[in-house]
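Note sheet for the following structure.
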Amino acid sequence: MPTLLLCKYLRCWYTNRNMNNTLIDNSSLTLSMSQTLKNCFQVQGLKEIKIATGYWDLPGMVLIFDELRDFLKTEDVKLQLLIGEDPRVRIYQQLSPAIKNPQFPEEYIKKDINELELKAEYQKVVNLLLTYCDDTEQSKIEIRIFRKNEQEKTQFLHSKCYIFNGEENAFGIIGSSNFTKKGLEDNAELNYLETTPHIVKYGVQGSIKGHIGWFNEKWEQSQPWNKLFLEEILRKSPIGENVENERKAIKPYDVYIKFLQNLWGDVVDNKSVSMLEAFLPPEVQKLQYQFDAVNQGYSIMKRHNGFILADVVGLGKTMVGIMVVKRFLEDTHTDGRSRNVLIVTPPAIKK
């Protein structure tokens, strides 16, 4: 076996050695969907998570919050959430309908979120969604509804599928568990965990489909939902408004950073360095320590109306002085002070 192939095989074995193909029925902690999903987050080089579910609620996200948060902190990752339709949820919530002919899943998810208590465990999930879910192509969380538009629906989607796709490894779970608290822990469900990467990663070839191939096919038939979910449901809910207000509140850390910006902003001003580099003639050597001296000296001058540059011979006091003058003349925030410059020099270097 070639060395590279052997290394990939060993990495795959190392990752999967504690994960076996099995049925998951929530009969115990080790066989719960929530614990299985946590284990799947340990896939080496995980790049994307794809979830298809008949229904979705925030208490379900609470169960895997730490693992999901750590995943989303990683660069170049994506969570795709595809919501289909669960008739059991529809019937359950229509026992005492809040509105006439509610649309699925918008009105149901909206009702659930509006009724959430202002608990810390729910608020941290809302904050996670507001942080990583937006209406751009760069959004790390992307949500879609399985229909072509608001009126026209595609084939009825009642499927549940969880895919963890890594650079070399991949796990896939198919079964009955919705991405809800009841589906991940409470109900007696039945799901199957597939740990063979090439089966999970397989696309669509004739009548043969892999997990990712099936999901991508349904994903292309779905409608983007990020904007509607954020603007019409999450941010307008009581818990959403509460989290938004907390995110906008000025925290002690923000005050501290603002203080540092006011105190040292001029010293670390890269814009002025770019301006000075363009100002200097091409034949003049650009030295970073001289730019640092300009920034620091100018910052002191603004606070104390003057400073003394007393470097030893050969460090370029003349160049620093010239650049301080240039920065002074270019500064638009001089508090109304005169822009006149007086230079006193020995006759030998007057020219």
Above 12 or not: heavy atoms from other molecules or residues under 6.0 Å from CD of Gln80? yes
CG (Leu329) with more than 12 external heavy atoms under 6.0 Å: yes
CA sep, side-chain torsions, deciding dist, call: Leu72, Leu128, side chain to side chain contact (heavy atoms under 4.5 Å, CB included): CA-CA 9 Å; Leu72 292 171; Leu128 189 75; 4.0 Å; yes
More than 12 heavy atoms of other residues, nucleotides or ligands under 6.0 Å from CD of Gln288: yes or no? yes
Which other residues belong to the hydrophobic cluster containing Leu29, where Ile, Leu, Val, Met, Phe, Trp and Tyr are joined when side-chain heavy atoms lie under 4.5 Å apart, directly or via other members? none
I need the Met323 CE to Arg327 CZ distance, nearest 0.5 Å. 11.5 Å
Checking side chain to side chain contact (heavy atoms under 4.5 Å, CB included) for the pair Phe179/Ile83: CA distance, chi angles, key distance, verdict? CA-CA 9 Å; Phe179 191 16; Ile83 305 174; over 6 Å; no
Return yes if a side-chain donor-acceptor contact under 3.5 Å exists between Asn226 and Arg144, otherwise no. no
Would a distance-only check, ignoring hydrogens and angles, find a side-chain to backbone donor-acceptor pair under 3.5 Å from Glu194 to Thr196? yes
Side-chain ion pair, Glu330 and Lys326, N-O less than 4.0 Å: yes
Pairs touching residues 227-245 that satisfy side chain to side chain donor-acceptor pair (under 3.5 Å), sequence neighbours left out: Gln123-Asn242, Glu231-Arg235, Glu232-Lys236, Arg235-Glu244
Counting distance only, does the side-chain N/O of Asn114 pair as donor-acceptor with the main-chain N or O of Lys110 below 3.5 Å? yes
Would you say the side chains of Thr180 and Asn178 form a donor-acceptor pair under 3.5 Å? no
For the residue pair Ile233 and Glu106, what are the closest heavy atoms and their distance? CD1-O, 3.8 Å
Checking Arg339 side chain against Asp331 main chain: does a donor-acceptor pair fall under 3.5 Å? yes
Between the side chains of Tyr108 and Asp57, does any donor sit under 3.5 Å from an acceptor? no
Let me check something: do Val204 and Ile199 share a hydrophobic cluster, defined by ILVMFWY side-chain heavy atoms less than 4.5 Å apart, either directly or through other members? no
Does the side chain of Ser34 come under 3.5 Å of the side chain of Glu185 through a donor N or O and an acceptor N or O? yes
side-chain contact (heavy atoms from CB on, under 4.5 Å) test vs Cys133 passes for just one of Leu234, Leu79, Leu81, Ile143, namely Ile143
Do the side chains of Val273 and Tyr289 join up, straight or via other hydrophobic residues, at under 4.5 Å, putting them in one cluster? no
Less than 4.5 Å apart, side chain to side chain, heavy atoms only: is that true for Val62 and Lys181? no
Nearest non-hydrogen partners of Lys124 and Phe65, listed with the distance: O-CE1, 3.4 Å
Kindly give the heavy-atom pair with the smallest separation between Glu117 and Tyr122, and that separation in Å. O-CD1, 3.4 Å
Does Asn26 use its side chain to pair, donor to acceptor, with the backbone of Ala188 at less than 3.5 Å? no
Any chain of hydrophobic side-chain contacts (each under 4.5 Å) joining Val324 to Phe279? yes
So, does Ser32 use its side chain to make a donor-acceptor pair with the main chain of Gln35 at under 3.5 Å? yes
Got Leu129 and Leu58 here, is their nearest side-chain heavy-atom distance under 4.5 Å? yes
So which of Leu37, Ile163, Val200 actually passes side-chain contact (heavy atoms from CB on, under 4.5 Å) with Ile173? Leu37
Set out, in order, the CA-CA distance, both residues' side-chain angles and the distance that settles side chain to side chain contact (heavy atoms under 4.5 Å, CB included) for Met33 and Tyr162, then state yes or no. CA-CA 10 Å; Met33 270 292 288; Tyr162 300 78; 3.5 Å; yes
Can a donor-acceptor pair be found, under 3.5 Å and without considering hydrogens, that links the side chain of Thr131 to the backbone of Asn127? yes
If you apply the rule side chain to side chain contact (heavy atoms under 4.5 Å, CB included), what do you find for Leu280 with Phe291, and how did you get there? CA-CA 11 Å; Leu280 293 176; Phe291 295 133; 4.1 Å; yes
Has Ser139 got a side-chain atom pairing as donor or acceptor with Asp135's backbone, closer than 3.5 angstrom? no
Do Ser177 and Asn187 have side-chain atoms, one donor and one acceptor, less than 3.5 Å apart? no
Tell me whether Glu283 at atom CD has more than 12 heavy atoms from other residues, nucleotides or ligands lying less than 6.0 Å away. yes
Heavy atoms only: give me the nearest Asn165-Ala170 pair and the separation to one decimal. OD1-CB, 3.8 Å
Residues Glu189 and Lys182: closest non-hydrogen pair is OE2-O, 4.2 Å
Determine which pairs satisfy ring-ring contact (aromatic ring centres under 6.0 Å, His included) with at least one residue from residues 183-219, sequence neighbours left out, and list them in order. Phe215-Trp219
Donor-acceptor contact below 3.5 Å, side chain Asn20 vs main chain Thr22: no
Which heavy atom of Cys40 sits nearest a heavy atom of Leu193, and at what distance? SG-CD1, 4.3 Å
Counting C-beta onward and ignoring hydrogens, is there a side-chain heavy-atom pair between Val77 and Ile49 closer than 4.5 Å? no
Parallel, tilted or perpendicular: which one describes the rings of Phe164 and Phe41, with boundaries at 30° and 60°? perpendicular
Does the side chain of Trp225 reach to within under 4.5 Å of the side chain of Leu230, using non-hydrogen atoms? no
Side chain of Asn191, backbone of Ser176: donor and acceptor closer than 3.5 Å? yes
For the residue pair Ser159 and Ile174, establish whether any side-chain heavy-atom pair is separated by less than 4.5 Å. no
Could you walk me through whether Lys248 and Glu246 pass the salt bridge (charged side-chain N to carboxylate O under 4.0 Å, His left out) test, one step at a time? CA-CA 5 Å; Lys248 295 176 181 177; Glu246 289 188 357; over 6 Å; no
Please collect all salt bridge (Lys or Arg N to Asp or Glu O under 4.0 Å) contacts where either partner lies in residues 205-217, sequence neighbours excluded, each pair once. Lys209-Glu217
Please collect all salt bridge (Lys or Arg N to Asp or Glu O under 4.0 Å) contacts where either partner lies in residues 19-48, sequence neighbours excluded, each pair once. Glu48-Lys50
Show every donor-acceptor pair shorter than 3.5 Å between a side-chain atom in residues 304-315 and any protein atom, with sequence neighbours excluded, or say none if there are none.
none

Any heavy-atom pair between the side chains of His158 and Lys160 that's under 4.5 Å? yes
Is any side-chain N of the basic residue among Glu220 and Lys218 closer than 4.0 Å to the acidic one's carboxylate O? no
Applying side-chain contact (heavy atoms from CB on, under 4.5 Å) between Leu184 and each of Thr36, Leu63, Ile24, report the one that passes. Leu63
Flag side-chain contact, heavy atom, 4.5 Å: Ile113 against Phe229: yes
